[in-house]
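Quantities reported herein were computed from a predicted structural model and do not represent experimental measurements.
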Amino acid sequence: MSARRISRWAGRTEAELRQRWGRPDVHLFGKVGSTNDQARLLAEEEAPAGTIVIGREQTGGRGRGGRVWHSPPNTGVYLSMIFRPAELESPGLLPVMAGLGVVRALDLAFSGLAPALKWPNDIYAGERKCGGILAEASWSKGAPRQVIVGVGINAKPLPPSVPAAVRTAATSLEDEIDAKVDLAEVADAIVNGLEAFLGESTSALDHGALDLLDHYDWLRDRRVSVLVHGAESATTGVAVGIAPDGALLFRPDRGALRRIENAVVVPEKASSRKASG
Ligand code: BTN
């Protein structure tokens, strides 16, 4: 079943949003499986870089590792953007750069939110997750054909249709700043944030970006347990930062500093951040 287009989202038409963001194309959908899939279909039909897809609701919203991204109607922003980088030396950097851009833009737009990036792709406010990034690249003959970067942000409190365990672990912008939030302003922050860090190069984080990451790194100095993809058991230690290519820097309780590229990282206790310095 093909997804239905809608004429307005958050009270704005496609033409208004195109102009607001200076985009070649904005596609608004009502109920959509996943905006990433919809954007990929458009990219395969030669939609230009910068094209944006927004869903009012997703029935198959997904996150990293195939997890479900609960996407009830008019609660969050579910937005995907098409990028066409000439090269992609460090694919692992994509979610980190995208996340850094979005966190920075949210911080500038919503006073009192204090957002942070939990490596590699989660957006936190305080001790709970309020958003995530899913970057998916397609390749052709060793070169990137397109990258779809999807961002989901809980703008409003999650309704009871979302499982209680998810609601308890998550938060929303409105919960955090105790004020009404306009979905279009959240989308502004996403678009500006993605453009700021993915517009040019995606090969390495420069000094400015590394300084910002240091500031927004939710895991830094926390005790964590790291389960590397393919490993049998988790290792405990301290997350110490993020490398220029997007890898997590992890100091295990025994042994030397390690670079972690593909792993599930769980904080040992919510309040276990050590004083730094
Ligand atoms: C994660 O937490 O692992 C990432 C969540 C990403 C969710 C967004 S919502 C828009 C886009 N469409 C999807 O199906 N996923 C991303």
Side-chain angles (χ1 to χ4, degrees), residues 63-64 67 69 76-77 79 92-135 149-158 166 168-179 181 185-194 196-198 205-226 237-244 246-251 260 263-277:
R64 186 165 165 256
R67 282 188 293 270
W69 182 258
V77 177
L79 182 152
L93 197 51
L94 275 172
V96 175
M97 278 181 142
L100 179 59
V102 173
V103 163
R104 168 103 181 121
L106 288 172
D107 194 17
L108 295 175
F110 297 98
S111 113
L113 181 64
L117 177 68
K118 175 178 176 281
W119 183 91
N121 68 328
D122 293 339
I123 297 174
Y124 268 53
E127 294 300 308
R128 291 185 292 165
K129 180 166 168 171
C130 65
I133 314 267
L134 182 65
V149 180
V151 184
I153 304 282
N154 302 332
K156 307 193 177 271
L158 293 171
V166 175
T168 310
T171 187
S172 74
L173 305 194
E174 287 194 354
D175 283 319
E176 294 297 318
I177 65 173
D178 207 15
V181 165
E185 282 175 23
V186 180
D188 288 345
I190 295 174
V191 173
N192 295 336
L194 293 181
F197 282 86
L198 296 180
L205 293 160
D206 61 18
H207 283 288
L210 284 169
D211 285 347
L212 277 179
L213 255 187
D214 224 30
H215 176 71
Y216 288 115
D217 181 358
W218 190 86
L219 283 174
R220 188 169 59 87
D221 298 324
R222 286 185 193 252
R223 284 202 56 78
V224 290
S225 132
V226 172
V238 175
V240 295
I242 296 171
L248 177 73
L249 298 172
F250 169 64
R251 189 179 301 288
I260 304 293
V264 176
V265 179
V266 181
E268 272 193 353
K269 263 197 289 159
S271 58
S272 65
R273 188 164 199 167
K274 294 197 315 187
S276 57

Trainee: Can you sort out the partners of Ala209 under side-chain contact (heavy atoms from CB on, under 4.5 Å), two or more places apart, ordered by chain and number?
Mentor: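 If we apply the side-chain contact (heavy atoms from CB on, under 4.5 Å) test to Ala209, skipping adjacent residues, the hits are Leu100, Phe197, Leu205, Asp206.
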
Trainee: How would you list, by chain and number, every residue that makes a side-chain contact (heavy atoms from CB on, under 4.5 Å) with Ala170, sequence neighbours excluded?
Mentor: Asn154, Leu158

Trainee: Flag the pair Glu176 and Lys156 as a salt bridge only when some basic side-chain nitrogen lies within less than 4.0 angstrom of an acidic carboxylate oxygen.
Mentor: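 A salt bridge is absent here (no side-chain N lies under 4.0 Å from a carboxylate O).
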
Trainee: Roughly how far, to the nearest 0.5 Å, is the CG atom of Leu219 from the OH atom of Tyr124?
Mentor: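 If I round to the nearest 0.5 Å, the distance is 8.0 Å.
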
Trainee: Is the cationic atom of Arg222 (NZ for Lys, CZ for Arg) positioned less than 6.0 Å from the six-membered ring centroid of Trp218 and within 45 degrees of its normal?
Mentor: yes

Trainee: Would you indicate whether the side-chain heavy atoms of Leu248 and Val240 approach each other to under 4.5 Å?
Mentor: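 A side-chain contact under 4.5 Å is absent here.
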
Trainee: Which heavy atom of Phe110 sits nearest a heavy atom of Val186, and at what distance?
Mentor: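 Minimum heavy-atom contact is CZ-CG2, 3.8 Å.
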
Trainee: Closer than 3.5 angstrom, by distance alone: can the side chain of Trp69 be matched with the main-chain N or O of Arg64 as a donor-acceptor pair?
Mentor: no

Trainee: Taking C-beta and beyond as the side chain, do Ile123 and Leu106 meet within less than 4.5 Å on heavy atoms?
Mentor: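 With C-beta onward as the side chain, the pair touches.
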
Trainee: Kindly determine whether Ile260 and Trp119 satisfy side chain to side chain contact (heavy atoms under 4.5 Å, CB included), including the steps that lead there.
Mentor: CA-CA 10 Å; Ile260 304 293; Trp119 183 91; 4.1 Å; yes

Trainee: Got Leu213 and Val96 here, is their nearest side-chain heavy-atom distance under 4.5 Å?
Mentor: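 A side-chain contact exists here, since the closest heavy-atom pair is under 4.5 Å.
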
Trainee: Can you check whether Cys130 reaches Ser172 side chain to side chain, under 4.5 Å on heavy atoms?
Mentor: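 In short, these two side chains do not touch, never coming nearer than 4.5 Å.
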
Trainee: Please test Val102 against Ile153 for side chain to side chain contact (heavy atoms under 4.5 Å, CB included), starting from the C-alpha separation and ending with a verdict.
Mentor: CA-CA 10 Å; Val102 173; Ile153 304 282; 4.3 Å; yes

Trainee: Please check this pair: side chain of Asp214 against backbone of Leu210, looking for a donor-acceptor N/O pair closer than 3.5 Å.
Mentor: no

Trainee: Looking at every non-hydrogen atom in both residues, tell me the closest pair between Leu94 and Ala135 and how far apart they are.
Mentor: CB-CB, 4.0 Å

Trainee: Minimum heavy-atom separation for Asn121 and Pro95, please, with both atom names.
Mentor: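 Taking every non-hydrogen atom into account, CB-CB, 3.9 Å.
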
Trainee: Working to the nearest 0.5 Å, report the span between CE of Met97 and CG of Leu117.
Mentor: 12.5 Å

Trainee: Are the side chain of Asp107 and the backbone N or O of Pro115 linked by a donor-acceptor pair below 3.5 Å?
Mentor: no

Trainee: Determine whether Leu173 and Leu113 make a side-chain contact, defined as any pair of heavy atoms from C-beta on separated by less than 4.5 Å.
Mentor: yes

Trainee: Kindly say whether Val181 contributes a backbone atom to a donor-acceptor pair with the side chain of Glu174 at under 3.5 angstrom?
Mentor: yes

Trainee: For residues Lys118 and Pro267, determine if any side-chain heavy atom of one lies less than 4.5 Å from a side-chain heavy atom of the other.
Mentor: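 Yes, at least one pair of side-chain atoms sits under 4.5 Å.
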
Trainee: Could you walk me through whether Val149 and Ile133 pass side chain to side chain contact (heavy atoms under 4.5 Å, CB included), step by step?
Mentor: CA-CA 7 Å; Val149 180; Ile133 314 267; 3.9 Å; yes

Trainee: Would Val266 and Val224 count as a side chain to side chain contact (heavy atoms under 4.5 Å, CB included) here? Give the steps.
Mentor: CA-CA 5 Å; Val266 181; Val224 290; over 6 Å; no

Trainee: Taking all atoms of both residues into account, what is the closest heavy-atom pair of Leu194 and Ala98, and its distance?
Mentor: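 Where Leu194 meets Ala98 most closely, the heavy atoms are CD2-CB, 3.6 Å.
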
